[in-house]
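Just dropping this structure here.
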Amino acid sequence: MDALRLFIDTFFSTVRDVIPIIVIIFGFQLFVLRKALNNPKRILFGFFYVILGLSLFLMGLELALFPLGASMAEQLTATDFVGAALKAGGEINWQAYYWVYLFGAAIGFSTTVAEPSLIAVAIKAAKVSGGAIRVNGLRASVALGVAMGIALGCYRIVVGDPLHYYIITGYVVVVIQTYFAPPFIVPLAYDSGGVTTSTVTVPLVTALGLGLASTVPGRNPMLDGFGLIAFASLFPMITVMGYAQITAYLQKKHAQRSS
């Protein structure tokens, strides 16, 4: 009964949130474009499927993904698992949390590879580029960037460093890379930072950050628990441009050997 009540509440909440989208689309179609809808029944069924899917997805977040991420963070930072996490002066020994960094990198890589929005962008990029950009190559480079970003973000939470130091440094690297990277990859690299932070990655990463900040001694969930998504958005830009730079370099070396 609790699950049914949660579904009903979530369903009607989702309907309320989707209504403005429906009003805008139908309003522009009927009153601005002044054209009838093609296949109205199909469109209505599509909106119903969207609402149903969002409702089930939000239920999954509430019942599974958020508790799972928080539980993993709590278990990985437990005193009996971490061991001697504090030094004599009360300072946290960041090296004791190496399993947290490894788990953060692994969960970041795996959720990014499964991210539907990234798959869609990679397929379109491969088609538009005529095969110059490979689907699996782009997905792997983005996933590697997310893995690196989340691992570094977990380290930041453990040691308690200010977030802006890392973000400013990262964007300085991005700006420098933008100058040297092949021009065709730059817009795609910038977009890759956004498509990674979507339906699969965000819930687990957010729960991991909040759980980690809640269990590491001396950390505040509001000040330290958020910010992992910023790392997950930043580092794919670096790795995607790096992927293109390495590919261009290897192609240039191959062409020199062939000539």
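Since the model is a prediction, treat every value here as computed from it, not as a measurement. In this chain, residues are counted from 1 in sequence order.
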Side chain of Q29, backbone of R34: donor and acceptor closer than 3.5 Å? no
Check G108 against V146 and note the closest heavy-atom contact, atom names and distance. O-CG1, 3.6 Å
Enclosure of F28 CZ (heavy-atom neighbours >12, cutoff 6.0 Å):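 Atom CZ in F28 is not crowded, with 12 or fewer foreign heavy atoms closer than 6.0 Å.
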Please step through side chain to side chain contact (heavy atoms under 4.5 Å, CB included) for the pair I22 and V18, ending with a clear verdict. CA-CA 6 Å; I22 298 176; V18 173; 3.9 Å; yes
R219 side-chain N/O to S214 backbone N/O, donor-acceptor pair under 3.5 Å: no
Do L210 and V159 belong to the same hydrophobic cluster, where Ile, Leu, Val, Met, Phe, Trp and Tyr are linked whenever their side-chain heavy atoms lie under 4.5 Å apart, directly or via other members?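 They do not share one cluster, since no chain of ILVMFWY contacts under 4.5 Å joins L210 to V159.
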On a heavy-atom basis, which atom in S55 and which in T14 lie closest, and how many Å separate them? OG-OG1, 3.4 Å
Among T10, D17, L63, which one satisfies side chain to side chain contact (heavy atoms under 4.5 Å, CB included) with L58?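 Answer to the side chain to side chain contact (heavy atoms under 4.5 Å, CB included) test with L58 among T10, D17, L63: T10.
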Shortest non-hydrogen contact from A248 to P182?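 In this case the closest contact between A248 and P182 is CB-CG, 4.2 Å.
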Set of residues satisfying ring-ring contact (aromatic ring centres under 6.0 Å, His included) with respect to Y155, sequence neighbours excluded: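 In terms of ring-ring contact (aromatic ring centres under 6.0 Å, His included), with neighbours along the sequence ignored, Y155 is linked to W94.
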Spacing of L163 atom CG and D224 atom CG [to the nearest 0.5 Å]: 9.5 Å
Give the intermediate values and the outcome of side chain to side chain contact (heavy atoms under 4.5 Å, CB included) for residues V128 and F184. CA-CA 11 Å; V128 171; F184 73 90; over 6 Å; no
Whether R139 side chain and T112 backbone form a donor-acceptor pair below 3.5 Å: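 It does not hold such a pair.
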Do M148 and V202 sit in the same hydrophobic cluster, where Ile, Leu, Val, Met, Phe, Trp and Tyr count as joined when their side-chain heavy atoms come under 4.5 Å apart?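 M148 and V202: one cluster.
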Got a second to check how far S141's OG is from I185's CD1, nearest 0.5 Å?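 One finds 7.5 Å between OG of S141 and CD1 of I185.
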Is the shortest side-chain heavy-atom distance between L234 and Y166 below 4.5 Å? no
May I ask you to check whether over 12 heavy atoms, not counting those of R134, lie within 6.0 Å of atom CZ?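 Not buried by this count: 12 neighbours or fewer within 6.0 Å.
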Would you compute the distance between atom CG of L118 and atom CG of L138 and round it to the nearest 0.5 angstrom? 6.0 Å
Would you mind listing the cluster partners of Y243? Hydrophobic ones only (ILVMFWY), side-chain contacts under 4.5 Å, chaining allowed.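 Result for Y243 is none, singleton.
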Mind checking the CZ-CD1 spacing from F109 to I150? Nearest 0.5 Å is all I need. 12.0 Å
Can you see which heavy atom on I107 is nearest to which on S110, and at what distance?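 So the two residues come closest at O-OG, 3.3 Å.
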Does one hydrophobic cluster hold both Y249 and V186, with members joined at side-chain heavy-atom distances below 4.5 Å?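 Different clusters: Y249 never reaches V186 through Ile, Leu, Val, Met, Phe, Trp or Tyr contacts under 4.5 Å.
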Is the number of heavy atoms from other residues, nucleotides or ligands under 6.0 Å of N38 CG greater than 12? no
Could you tell me if the side chain of L152 sits less than 4.5 Å from the side chain of Y101, heavy atoms only? no
Where do A147 and A105 come nearest, in terms of heavy atoms and distance? CB-O, 3.2 Å
Between I176 and F235, is there a shared hydrophobic cluster once you connect ILVMFWY residues whose side-chain heavy atoms come closer than 4.5 Å? no
Could you state the interatomic distance from CZ (R156) to CZ (F231), rounded to the nearest 0.5 Å?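 R156 CZ to F231 CZ: 5.5 Å, rounded to 0.5 Å.
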Any chance you could measure M237, atom CE, to D191, atom CG, to the nearest 0.5 Å? 10.0 Å
Can you tell if the side chain of F45 reaches within under 4.5 Å of the side chain of N39, non-hydrogen atoms only?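 F45 does not reach N39 side chain to side chain.
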Shared ILVMFWY cluster between I229 and I167, side chains joined below 4.5 angstrom?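 Yes.
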Has the side chain of Q177 got a donor or acceptor atom that lies under 3.5 Å from a matching backbone atom of M241? no
Checking side chain to side chain contact (heavy atoms under 4.5 Å, CB included) for the pair V240/Y190: CA distance, chi angles, key distance, verdict? CA-CA 9 Å; V240 169; Y190 279 49; over 6 Å; no
Within the 4.5 Å heavy-atom criterion, are R16 and F12 side-chain neighbours or not? no
Anything under 30° is parallel, anything over 60° is perpendicular, the rest tilted; go ahead and classify F7 against F11.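 It falls in the tilted class, 30° to 60°.
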Option among V121, V195, V142 that satisfies the side chain to side chain contact (heavy atoms under 4.5 Å, CB included) test with L188: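 Looking at V121, V195, V142, the match for L188 under the side chain to side chain contact (heavy atoms under 4.5 Å, CB included) is V121.
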On a heavy-atom basis, which atom in C154 and which in G104 lie closest, and how many Å separate them?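 Answer, listing the atom of C154 first, then G104: SG-CA, 4.5 Å.
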